[in-house]
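Down below is the structure, laid out as structure tokens.
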Amino acid sequence: MDDVERAADRIATRVAEGLPIVCFTGAGISQESGIPTFRGESGLWAERDPELVATAEALERDPEAVWRFHEELRAMCREADPNAAHMALAWMETAVAERAPAPVITQNIDGLHQAAGSSNVIELHGNAGRVRCTACEFVSEDLPERFDRLPPLCECGAILRPDVVWFGEQLPRQAMEDAQRWSRLAGVMLIVGTSATVQPAASLPVMAFRSGAVLIEVNPEATALSAVVDVSLRGPAGEVMPELVEELSSELAD
Ligand code: NAD
């Protein structure tokens, strides 16, 4: 049995038991859609200091610079299409739906899981295509392609900000509670395209492991989790995930 077969076999066994197949994804799954990861040589932070463009302090100090960076990121996310890995996860949700839930917990802010058709997506770090007011309760996803002026303002007069989690900020409470609940219930956690170093999100695979989940990792490189996972599938998610779901579909049909 090769590693893909072994991973598919583990998933099929847990599906048969009715246990959740929880997917935990990071920037790597969107790399083949043309959105760079944050770390590494071609990463977004290779040329920029996050302190200057992705913190609440930066927004206060230089809102225009923060928004110029964010508008670049927002356009990149809007123009990207889901790749074969996003599609494979959406397919898997449908394929197992009658027997087991398959939620996606993502650290990504690009909305590509929803674009691929995944229906149960928990966004831990917000969404680049949404804004909220820094003063009142206003939140909106109905945004122009480009704002006429930066920073954009709320009707109340205060500055709007991207509805994403910046460095040093808390994760949205409801999203984190949902993610923790699924991590404790998981029969399998499929960890795709994340270095698993950004806390507190990185604590979720550990929580799943301690609750008895089988961990399967999809990543071209070894990560902090590689030593504890059951199966490591080394390769780009856009190649590995379709192979995995194809194998899973024949296992489920048996
Ligand atoms: P990371 O940048 O720390 O790590 C990315 C991981 O993806 C690495 O382990 C790398 O080996 C792996 N990878 C690279 N190419 C891959 C591929 N083709 N297939 C599978 N894996 C691949 O990313 P992270 O762990 O997600 O954490 C970074 C933070 O940055 C997150 O909090 C996230 O919010 C944010 N982020 C989001 C996006 C996005 O929305 N697309 C993009 C960049 C960063």
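All heavy atoms count here, side chains included; hydrogens, waters and symmetry mates do not.
- Listed by first and then second residue, the ring-ring contact (aromatic ring centres under 6.0 Å, His included) pairs involving residues 218-254 amount to none (not counting sequence neighbours).
- A search for side-chain contact (heavy atoms from CB on, under 4.5 Å) contacts involving Glu60 returns nothing, not counting sequence neighbours.
- Rounded to the nearest 0.5 Å, atoms OG (Ser30) and CG (Asn108) are 4.5 Å apart.
- No side-chain heavy atom of Val131 sits under 4.5 Å from any side-chain heavy atom of Pro162.
- Residues Gln107 and Thr25 are not in side-chain contact: their nearest non-hydrogen atoms beyond the backbone lie 4.5 Å or more apart.
- Pairs passing the ring-ring contact (aromatic ring centres under 6.0 Å, His included) check and including a residue from residues 180-214, sequence neighbours excluded, do not occur.
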Legend entry - Verdict with reasoning, Ser203 to Met176, per side chain to side chain contact (heavy atoms under 4.5 Å, CB included): CA-CA 11 Å; Ser203 64; Met176 194 58 187; 4.3 Å; yes

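- Cluster note: Val4 groups with Ile11, Val15, Ile21, Ile29, Leu89, Trp91, Met92, Val96, Val188, Leu190, Val192, Val214, Ile216, Val218, Val231, Leu233, Val240, Met241, Leu244, Val245, Leu248, Leu252 through ILVMFWY side-chain heavy atoms spaced under 4.5 Å, whether in direct contact or through intervening members.
- Partners of Arg68 by salt bridge (Lys or Arg N to Asp or Glu O under 4.0 Å), not counting sequence neighbours, listed by chain and number: Glu64.
- In this structure, Pro152 and Leu150 have side chains that are in contact, with non-hydrogen atoms separated by less than 4.5 Å.
- The hydrophobic cluster containing Met189 also contains Leu185, counting ILVMFWY residues as joined when their side-chain heavy atoms lie under 4.5 angstrom apart, directly or transitively.
- Here Glu177 pairs with Arg173 in a salt bridge; the nearest charged N to carboxylate O distance falls below 4.0 Å.
- In terms of the side-chain contact (heavy atoms from CB on, under 4.5 Å) criterion, residue partners of Arg184 (sequence neighbours excluded) are, by chain and number, Gln180, Met207, Ser211.
- The minimum heavy-atom distance between Cys136 and Cys133, with the atom names listed, is N-SG, 3.3 Å.
- Listed by first and then second residue, the ring-ring contact (aromatic ring centres under 6.0 Å, His included) pairs that reach into residues 118-149 are Trp67-Phe147, sequence neighbours excluded.
- Closest non-hydrogen pair, Arg14 versus Gly187, comes out as NH1-O, 3.1 Å.
- In terms of heavy-atom proximity, Gly111 sits nearest to Asn127 at CA-ND2, 4.0 Å.
- Linking ILVMFWY side-chain heavy atoms closer than 4.5 Å, directly or via other members, places Ile109 and Leu143 in a single hydrophobic cluster.
- Within a 6.0 Å radius of CD in Glu98, other residues, nucleotides and ligands contribute 12 heavy atoms or fewer.
- In this structure, Glu93 and Pro101 have side chains that are not in contact, with every pair of non-hydrogen atoms separated by 4.5 Å or more.
- Other residues sharing the hydrophobic cluster of Leu19, ordered by chain and number and joined by side-chain separations under 4.5 Å: none, the residue standing alone.
- More than 12 heavy atoms of other residues, nucleotides or ligands shown are found within 6.0 angstrom of CD on Glu17.
- A distance of 9.0 Å separates CG in Asp110 from CG in Leu73, rounded to the nearest 0.5 Å.
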Inset, instruction - Given side chain to side chain contact (heavy atoms under 4.5 Å, CB included), test Cys154 with Ile159 step by step and report yes or no. - result: CA-CA 6 Å; Cys154 181; Ile159 289 178; over 6 Å; no

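- Put simply, CG on Asp230 and CG on Asp3 are 11.5 Å apart, with the number rounded to the nearest 0.5 Å.
- A continuous path of ILVMFWY side-chain contacts below 4.5 Å connects Phe69 to Leu160, so both sit in one hydrophobic cluster.
- Between Cys23 and Ile105, every side-chain heavy-atom pair lies at or beyond the 4.5 Å cut-off.
- A distance-only check finds a donor-acceptor pair linking the side chain of Glu32 to the backbone of Gly238 [under 3.5 Å].
- The salt bridge (Lys or Arg N to Asp or Glu O under 4.0 Å) check on Glu123 picks up Arg130, with sequence neighbours excluded.
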Inset, instruction - Just do the side chain to side chain donor-acceptor pair (under 3.5 Å) check on Arg234 and Ser226 with the steps written out, would you? - result: CA-CA 10 Å; Arg234 289 265 167 270; Ser226 300; 3.1 Å; yes

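- Within the 3.5 Å criterion, the main-chain N or O of Asp81 finds a donor-acceptor partner in the side chain of Ser33.
- For Asp142, the CG atom is loosely surrounded, since the number of other residues' heavy atoms within 6.0 Å does not exceed 12.
- Distance check, rounded to the nearest 0.5 Å: CH2 of Trp166 to CG of Leu59 gives 4.5 Å.
- Annotation: side-chain contact (heavy atoms from CB on, under 4.5 Å) contacts of Leu225 (sequence neighbours excluded): Ile191, Ala196, Pro205, Glu217, Thr223, Val228, Val229.
- Exactly one residue among Ile122, Val121, Leu112 makes a side-chain contact (heavy atoms from CB on, under 4.5 Å) with Thr106. That residue is Val121.
- Atom OG of Ser195 and atom CG of Asn219 lie 8.0 Å apart (nearest 0.5 Å).
- Of the charged side-chain nitrogens involved, none lies within less than 4.0 Å of a carboxylate oxygen, so that Asp9 and Arg6 do not count as a salt-bridged pair.
- Linking ILVMFWY residues whenever their side-chain heavy atoms come closer than 4.5 Å, directly or via other members, leaves Val198 and Val22 in distinct clusters.
- Between the side chains of His86 and Ser118, no donor N or O sits under 3.5 Å from an acceptor N or O.
- Between Ala116 and Ala90 the shortest heavy-atom distance is O-CB, 3.4 Å.
- In this structure, Glu246 has no side-chain contact (heavy atoms from CB on, under 4.5 Å) partners at least two apart in sequence or on a different chain.
- Pairs passing the side chain to side chain donor-acceptor pair (under 3.5 Å) check and including a residue from residues 143-162, sequence neighbours excluded, read Arg161-Glu169.
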Legend entry - Chi angles and distances behind the side chain to side chain contact (heavy atoms under 4.5 Å, CB included) call for Asp163, Val139: CA-CA 8 Å; Asp163 194 10; Val139 177; 4.3 Å; yes

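- Heavy-atom minimum distance, Ala179 versus Leu124: CB-CD2, 3.8 Å.
- Scanning both residues, Cys77 and Ile35, for their nearest heavy atoms gives CA-CD1, 4.1 Å.
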